[in-house]
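What you see is a predicted model; the values in this text were computed from it and never measured.
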Amino acid sequence: VHELTDTKDGNANLESLRRCYYILLSSFLTVARDQNQSYDTNEYEVFFNERVCRSESAFRDWAKAWVDLLVPENAQDQVGDIIEQVKAYIKSNIGAELSRESVSKAVFLNPSYLSRLFHEQTGEKLSNYILRCRMDRAKELLLKKDVKINLIAEEVGYGNDSYFIRVFKNEVGMTPIEDRRDGNIL
């Protein structure tokens with residue numbers, strides 16, 4: 001609200017709130033029309049009530065009610081689908097250069113937004129998930145005694161096997177050779 005009303009002291013005046021009310025109302029109605037939703041002013045009186053401009057809190061509640069009305073009920077399912085797409089992309093491209101930028105391009109989202117969304121939905125940072133997937137795949141490959149460490153490093157996205165060994169030891173607590181020797185299972 002403060003940004004929309006552009007006040008220096010942070011207190012929105014009535015005229016500023018009224019101006020924002022009409023701008024947002026127009027935007028909300030456009031979105032509703034685009035979603036093929038129609039709202040009868042009698043049935044949805046609260047949404048067409050200029051009295052919400054009397055205070056910032058009333059205005060904020062009014063805007064939130066509109067957003068709640070316009071956001072599809074299956075929005076959470078869509079977010080879940082995006083997270084599953086991200087996970088599938090990472091697993092199928094585990095040997096490639098994986099960063100939040102490359103992953104976000106694959107799902108057509110802003111990198112910062114994707115990182116925040118992934119963390120909110122999974123409780124895990126995107127970079128940590130990528131690292132965990134790489135280490136899990138490396139452990140799988142280590143079970144195959146005939147696969148050399150430098151090939152495993154390449155397979156999980158590390159061009160430098162020394163760096164891979166250092167990362168593996170940091171994450172797992174032992175080197176890949178020690179892990180293979182001990183026969184540790186995922």
Side-chain angles (χ1 to χ4, degrees), residues 1-4 6 10 23-24 27-28 30-32 34-36 60 63-64 66-186:
V1 173
H2 296 303
E3 290 175 22
L4 289 172
D6 195 26
I23 291 168
L24 287 176
S27 298
F28 291 147
T30 300
V31 170
D34 292 348
Q35 293 179 355
N36 294 321
R60 206 175 286 116
K64 184 180 178 336
W66 263 108
V67 170
D68 291 345
L69 185 67
L70 295 174
V71 172
E73 289 180 21
N74 64 347
Q76 190 59 38
D77 293 341
Q78 292 171 354
V79 169
D81 291 346
I82 291 169
I83 298 303
E84 291 308 312
Q85 288 174 16
V86 166
K87 288 179 175 182
Y89 178 82
I90 290 168
K91 287 181 180 176
S92 65
N93 292 282
I94 202 70
E97 187 275 320
L98 288 171
S99 64
R100 74 180 196 160
E101 285 75 20
S102 63
V103 175
S104 66
K105 283 181 184 176
V107 293
F108 308 103
L109 292 175
N110 174 286
S112 298
Y113 176 70
L114 175 61
S115 291
R116 188 172 59 250
L117 184 67
F118 191 89
H119 188 260
E120 287 172 359
Q121 296 298 309
T122 65
E124 184 174 22
K125 290 183 178 180
L126 182 60
S127 58
N128 291 349
Y129 179 78
I130 293 169
L131 180 60
R132 185 167 55 83
C133 287
R134 285 186 165 152
M135 294 301 108
D136 287 348
R137 179 68 181 136
K139 289 178 187 179
E140 288 173 18
L141 294 169
L142 284 167
L143 294 174
K144 300 176 182 178
K145 304 284 186 200
D146 59 327
V147 182
K148 294 182 179 184
I149 301 299
N150 64 330
L151 295 176
I152 293 172
E154 284 180 30
E155 176 84 16
V156 296
Y158 294 94
N160 181 325
D161 53 328
S162 297
Y163 180 64
F164 164 69
I165 292 168
R166 200 168 45 243
V167 170
F168 189 93
K169 183 172 183 171
N170 188 45
E171 292 302 310
V172 179
M174 61 180 70
T175 67
I177 294 169
E178 292 168 338
D179 186 77
R180 175 179 273 168
R181 184 189 63 227
D182 291 350
N184 291 317
I185 300 176
L186 306 173

Checking side chain to side chain contact (heavy atoms under 4.5 Å, CB included) for the pair F164/N150: CA distance, chi angles, key distance, verdict? CA-CA 9 Å; F164 164 69; N150 64 330; over 6 Å; no

Tell me, with the steps shown, if K169 and R166 meet side chain to side chain contact (heavy atoms under 4.5 Å, CB included). CA-CA 5 Å; K169 183 172 183 171; R166 200 168 45 243; over 6 Å; no

Working for side chain to side chain contact (heavy atoms under 4.5 Å, CB included), residues V103 and N93: CA-CA 10 Å; V103 175; N93 292 282; over 6 Å; no

Might you work through the side chain to side chain contact (heavy atoms under 4.5 Å, CB included) test for R180 and I149, ending with a clear yes or no? CA-CA 10 Å; R180 175 179 273 168; I149 301 299; 4.2 Å; yes

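Here E101 contributes atom CD and N110 contributes atom CG; the two are 9.5 Å apart, rounded to the nearest 0.5 Å. Separating the CG atom in N128 from the NE2 atom in H119 is a distance of 8.0 Å, to the nearest 0.5 Å. Rounded to the nearest 0.5 Å, atoms CG (L142) and CD1 (I152) are 4.0 Å apart. To the nearest 0.5 angstrom, R100 atom CZ is 12.0 Å from L109 atom CG. In this structure, the separation between CG on L117 and OG1 on T122 is 9.0 Å, given to the nearest 0.5 Å. Separating the NZ atom in K125 from the CZ atom in R132 is a distance of 15.0 Å, to the nearest 0.5 Å.
The two atoms that bring I83 and F118 nearest to each other are CD1-CA, 3.7 Å, heavy atoms only. Pairing each heavy atom of V156 with each of A138, the nearest pair is CG1-N, 3.7 Å. Here the closest non-hydrogen pair linking L98 and R134 is N-NH2, 3.5 Å. Nearest heavy atom pair, residue F168 against residue D179, reads CE2-CB, 3.9 Å. Heavy-atom minimum distance, L141 versus V147: O-CB, 4.2 Å.
With contacts defined as side-chain heavy-atom distances shorter than 4.5 Å, the pair Y158/V167 qualifies. Inter-residue side-chain proximity for K148 and D161 is flagged as unmet; no heavy-atom pair is nearer than 4.5 Å. The closest side-chain heavy-atom distance from I90 to L126 is below 4.5 Å.
For NZ of K144, the number of neighbouring non-hydrogen atoms (other residues, nucleotides, ligands) closer than 6.0 Å is 12 at most.
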